[in-house]
Colleague: 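I am attaching a structure below and will ask some questions about it afterwards.
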Amino acid sequence: MADKNIQKAKRAMRRRRKVRGIVSGTADRPRLTVCKSLNNMFAQIIDDEKAVTLVAASSNSKNVAEHIEADKNKSQVAFKVGEIIAAEAKAKGIETVVFDRNRHAYHGRIKALADGARKGGLKF
């Protein structure tokens, strides 16, 4: 059982390194990175040149939780997190980003967050 989990983690890290080798954020076009757990979604906009997080939003933070109704499913919550991070980015003057999906396939909640960010006004 342990060998199976180790191999699974190694494959996930290989996918993550492959994506990060291609995608990098700059001051003009920072990186929108997405992370998900079983119950929550996390998004950050990062300037890789300075190694600073410019904007962050997650489904379990207090300012986001008040915008999400309790009866929404995970994809709807991810869409709302995308809209909120786009609004916060627009407030800081960020309009274009590069999308870092991490090791996840562009499907389901990852796609919903990206669609929410696009609806909020981010371009990528």
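Each residue takes its place number in the sequence, starting with 1. Worth knowing before you read on, the calculation uses all heavy atoms, side chains too, and leaves out hydrogens, waters and symmetry mates.
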Colleague: Between Phe99 and Val19, is any pair of side-chain heavy atoms under 4.5 Å apart?
Modeller: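 They are not in side-chain contact.
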Colleague: Can you tell me how far apart OG (Ser37) and CG (Asn60) are? Round to the nearest 0.5 Å.
Modeller: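 The OG atom of Ser37 sits 7.5 Å away from the CG atom of Asn60.
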Colleague: What are the two closest non-hydrogen atoms of Asn40 and Ser59, and how far apart are they?
Modeller: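 Between these two residues, the closest heavy atoms are OD1-OG, 2.9 Å.
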Colleague: Hey, could you give me the CZ/OG1 distance between Arg29 and Thr96, rounded to the nearest 0.5 Å?
Modeller: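 It comes to 5.5 Å.
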Colleague: State whether the side chain of Lys90 and the backbone N or O of Glu95 hold a donor-acceptor pair below 3.5 Å, judged by distance alone.
Modeller: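 Flag not set: sc Lys90 to bb Glu95 has no pair under 3.5 Å.
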Colleague: Just verifying a value: how many Å separate Phe42 CZ and Thr33 OG1, rounded to the nearest 0.5 Å?
Modeller: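 These two atoms lie 12.0 Å from each other.
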Colleague: Quick check against the 3.5 Å criterion: does Asp47 have a side-chain atom that pairs as donor or acceptor with the backbone of Glu49?
Modeller: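 Yes, Asp47 side chain to Glu49 backbone: donor-acceptor pair under 3.5 Å.
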Colleague: To the closest 0.5 Å, what do you measure between CZ (Phe79) and CD1 (Ile84)?
Modeller: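 Between atom CZ of Phe79 and atom CD1 of Ile84 there are 11.0 Å.
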Colleague: For Met41, is there any backbone N or O sitting under 3.5 Å from a side-chain donor or acceptor partner on Lys74?
Modeller: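 Answer holds: no.
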Colleague: Closest approach of Ala86 and Gly121, non-hydrogen atoms and distance?
Modeller: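 Taking Ala86 first and Gly121 second, the nearest heavy atoms are CB-N, 4.3 Å.
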Colleague: Is it true that Asp115 and Lys111 have a side-chain N and a carboxylate O under 4.0 angstrom from each other?
Modeller: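 Yes, this pair counts.
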Colleague: Would Arg118 count as a cation-pi partner of Phe124, with NZ or CZ less than 6.0 Å from the six-membered ring centre and within 45° of the ring normal?
Modeller: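 The answer is yes; both the distance and angle limits are met.
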Colleague: Please examine the side chains of Ile45 and Thr53, heavy atoms only from C-beta on, and report whether any two atoms are closer than 4.5 Å.
Modeller: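 No, their side chains stay 4.5 Å or more apart.
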Colleague: Under 3.5 Å, side chain of Arg109 to main-chain N/O of Ser75, donor-acceptor pair present?
Modeller: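 No.
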Colleague: Any side-chain heavy atom of Ile94 sitting closer than 4.5 Å to one from Val55?
Modeller: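 Answer yes - side chains close enough.
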Colleague: For Asn102 and Val34, indicate whether the former's side chain and the latter's backbone hold a donor-acceptor pair under 3.5 Å.
Modeller: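 The answer is yes, because a donor-acceptor pair under 3.5 Å joins these two groups.
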Colleague: Atom CD in Glu83, atom CG in Leu122: separation rounded to 0.5 Å?
Modeller: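 It comes to 11.0 Å.
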Colleague: Between the side chain of Arg15 and the main-chain N/O of Arg103, is any donor-acceptor distance below 3.5 Å?
Modeller: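 Checking the backbone N and O of Arg103 against the side chain of Arg15, a donor-acceptor pair under 3.5 Å is found.
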Colleague: Would you find a donor on one side and an acceptor on the other, under 3.5 Å apart, between the side chain of Gln76 and the backbone of Asn73?
Modeller: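 Here the side-chain-to-backbone pair exists.
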Colleague: Check Lys92 against Leu54 and note the closest heavy-atom contact, atom names and distance.
Modeller: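 Minimum heavy-atom separation between Lys92 and Leu54: NZ-O, 3.1 Å.
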Colleague: Looking at Leu32 and Ala43, what are the two nearest heavy atoms and their distance?
Modeller: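 In terms of heavy atoms, the two residues are closest at CD1-CB, 4.2 Å.
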Colleague: Rounded at 0.5 Å granularity, tell me how far CG in Asp100 sits from CD1 in Ile46.
Modeller: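 That separation rounds to 7.5 Å.
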